[in-house]
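Let me begin by presenting the structure, written as structure tokens, before commenting on it.
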Amino acid sequence: MLHRGRVVLTTALVLVLGGCSGGSGPVEPSPGADDTIAIPPPGASDSVAPGPGVTEPGIRMTAVPRTDGSFDVVEDVMLSDATDDVQLQVPTSGAELPGLMTRTAPRASDLQLLADESVVPLDSSTVETTRDLPLPVAATKLRLTYRLTGTTVRRTPQRPQRASAALRPLIAPAEGTLPTTVSVSDGLLNAVCPLLPETRCAVGDPPHLAIRPGIPAAQALIVIQVDLP
């Protein structure tokens with residue numbers, strides 16, 4: 001079974017890489033046999049390090065870039081007060097964002113949601129704009145997993161893996177001051193936060209570049225430059 005899985009994965013990657021165009025513009029993800037979100041499954045919060053979003057109020061978002069320009073995303077959220085209704089929002093179109101300046105159509109799919117460790121049944125697993133989502137019971141701890149597509153723009157035909165993308169937590173808490181930390185698992189080259197007074201929010205140097213932690217939730221819109229895998 002292990003050998004067979006490696007063959008399927010290798011074949012899917014070859015198909016994706018072979019289908020990349022040389023031009024720049026918004027990336028359209030390619031479906032494949034490995035189209036499974038490669039992030040920790042719901043309920044895996046025990047493996048997450050303590051901090052805002054996990055053991056104290058805040059949001060922690062981790063984005064894993066994929067070859068096709070999409071991102072597998074996990075968000076751990078801890079609210080100051082329990083709520084029975086949350087609002088979800090996809091990142092802003094890149095039309096007027098520095099570092100993008102290209103119209104994009106972000107979309108979250110394959111959404112799974114845990115509220116206080118219980119699975120929340122969803123009538124739709126897709127978010128394309130803004131969506132209000134009632135919870136069966138008021139909760140303070142949430143975990144969202146989903147795939148983010150349509151937010152990435154290829155930068156140069158000569159280097160099709162070089163891309164820019166807009167990231168923002170899918171959950172839009174009423175508490176705009178909640179400290180928010182966004183991280184990219186690999187390939188991060190730069191980060192700009194257009195809603196902050198000091199817009200450059202990259203810290204460190206490649207290959208250990210990171211995004212400034214603790215950004216207020218209301219300002220946690222980040223435009224990244226990344227080398228896709």
Side-chain angles (χ1 to χ4, degrees), residues 36-66 70-83 86-91 108 110-120 127 133 135 138-148 151 165-193 195-196 198 200-229:
T36 301
I37 294 182
I39 52 181
S45 57
D46 290 345
S47 63
V48 180
V54 181
T55 55
E56 58 188 274
I59 302 172
R60 182 180 300 179
M61 172 182 176
T62 302
V64 181
R66 294 167 57 91
S70 63
F71 292 85
D72 289 338
V73 181
V74 60
E75 292 180 27
D76 286 296
V77 182
M78 179 175 281
L79 304 172
S80 300
D81 299 298
T83 183
V86 296
Q87 186 178 79
L88 306 180
Q89 61 179 5
V90 294
D110 300 326
L111 174 65
Q112 299 175 65
L113 173 63
L114 266 69
D116 285 346
E117 305 298 334
S118 297
V119 175
V120 176
V127 183
L133 186 64
L135 303 178
T140 56
K141 292 189 68 176
L142 305 172
R143 168 170 275 219
L144 300 86
T145 63
Y146 56 93
R147 177 161 297 157
L148 179 64
T151 191
L167 301 176
R168 180 171 63 186
L170 191 63
I171 189 166
E175 307 161 79
T177 59
L178 276 180
T180 301
T181 298
V182 178
S183 61
V184 178
S185 66
D186 192 34
L188 184 64
L189 301 173
N190 197 13
V192 174
C193 296
L195 302 182
L196 290 178
E198 175 54 55
R200 189 177 189 276
C201 52
V203 294
D205 298 295
H208 305 295
L209 194 71
I211 298 166
R212 169 186 155 185
I215 298 171
Q219 299 169 295
L221 173 65
I222 298 142
V223 178
I224 64 168
Q225 185 180 53
V226 64
D227 273 342
L228 301 172

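Of all heavy-atom pairs between Thr55 and Met78, the closest is C-SD, 3.7 Å. A pairwise comparison of heavy atoms in Ser185 and Pro65 identifies OG-CD, 3.3 Å as the closest pair. Residues Leu79 and Ala139 share a closest heavy-atom pair of CD1-O, 4.1 Å. The minimum heavy-atom distance linking Ala138 with Ala82 is given by the pair CB-CB, 4.0 Å. For Pro91 against Leu148, the heavy-atom pair with the smallest separation is CD-CD1, 3.9 Å. Summarising the geometry of Ile211 relative to Leu188, their closest heavy-atom pair is CG1-CD2, 3.9 Å, with the distance given to 0.1 Å.
Judged by distance alone, with hydrogens and angles left aside, the side-chain atoms of Gln219 form no donor-acceptor pair with the main-chain N or O of Leu196 at under 3.5 Å. With Arg212 contributing its side chain and Ala191 its backbone, the two residues share no donor-acceptor pair below 3.5 Å. Of the possible donor and acceptor atoms, none in the side chain of Arg143 sits under 3.5 Å from a partner among the backbone N and O of Glu117. Between the side chain of Arg60 and the backbone N or O of Ser183 there is no donor-acceptor pair closer than 3.5 Å. Side-chain N or O atoms of Thr151 include one that pairs as donor or acceptor with a backbone N or O of Ala166 at under 3.5 Å. Using modelled atom types, one side-chain atom of Thr180 and one backbone atom of Leu178 make a donor-acceptor pair closer than 3.5 Å.
No side-chain heavy atom of Tyr146 sits less than 4.5 Å from a side-chain heavy atom of Leu88. Inter-residue side-chain proximity for Leu133 and Val127 is flagged as unmet; no heavy-atom pair is nearer than 4.5 Å. No side-chain heavy atom of Ile215 sits less than 4.5 Å from a side-chain heavy atom of Leu195. Leu228 is listed as a side-chain neighbour of Val226, based on a closest heavy-atom distance under 4.5 Å. Using a 4.5 Å cut-off on side-chain heavy atoms (C-beta onward), Ile224 and Val182 make no contact. For the pair Pro173 and Val77, the minimum side-chain heavy-atom distance is 4.5 Å or more.
In this structure, Asp227 CG and Leu189 CG are separated by 4.5 Å, a value rounded to the nearest 0.5 Å. Separating the CG atom in Leu167 from the CD1 atom in Ile222 is a distance of 6.5 Å, to the nearest 0.5 Å. Within the model, atoms CG of Leu221 and SG of Cys193 stand 8.0 Å from one another, a figure rounded to the nearest 0.5 Å. Rounded to the nearest 0.5 Å, atoms CG (Asp72) and CG (Asp110) are 8.5 Å apart.
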Inset, instruction - Please test Val119 against Gln112 for side chain to side chain contact (heavy atoms under 4.5 Å, CB included), starting from the C-alpha separation and ending with a verdict. - result: CA-CA 8 Å; Val119 175; Gln112 299 175 65; over 6 Å; no
Legend entry - Worked verdict on Asn190 versus Arg200 for side chain to side chain contact (heavy atoms under 4.5 Å, CB included): CA-CA 8 Å; Asn190 197 13; Arg200 189 177 189 276; 3.6 Å; yes
Legend entry - Intermediate values then yes/no, side chain to side chain contact (heavy atoms under 4.5 Å, CB included), Leu170 and Leu111: CA-CA 10 Å; Leu170 191 63; Leu111 174 65; 4.0 Å; yes
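Salt-bridge formation is not detected for the pair Asp116/Lys141: no Lys NZ or Arg NE/NH1/NH2 atom is positioned less than 4.0 Å from an Asp or Glu carboxylate oxygen.
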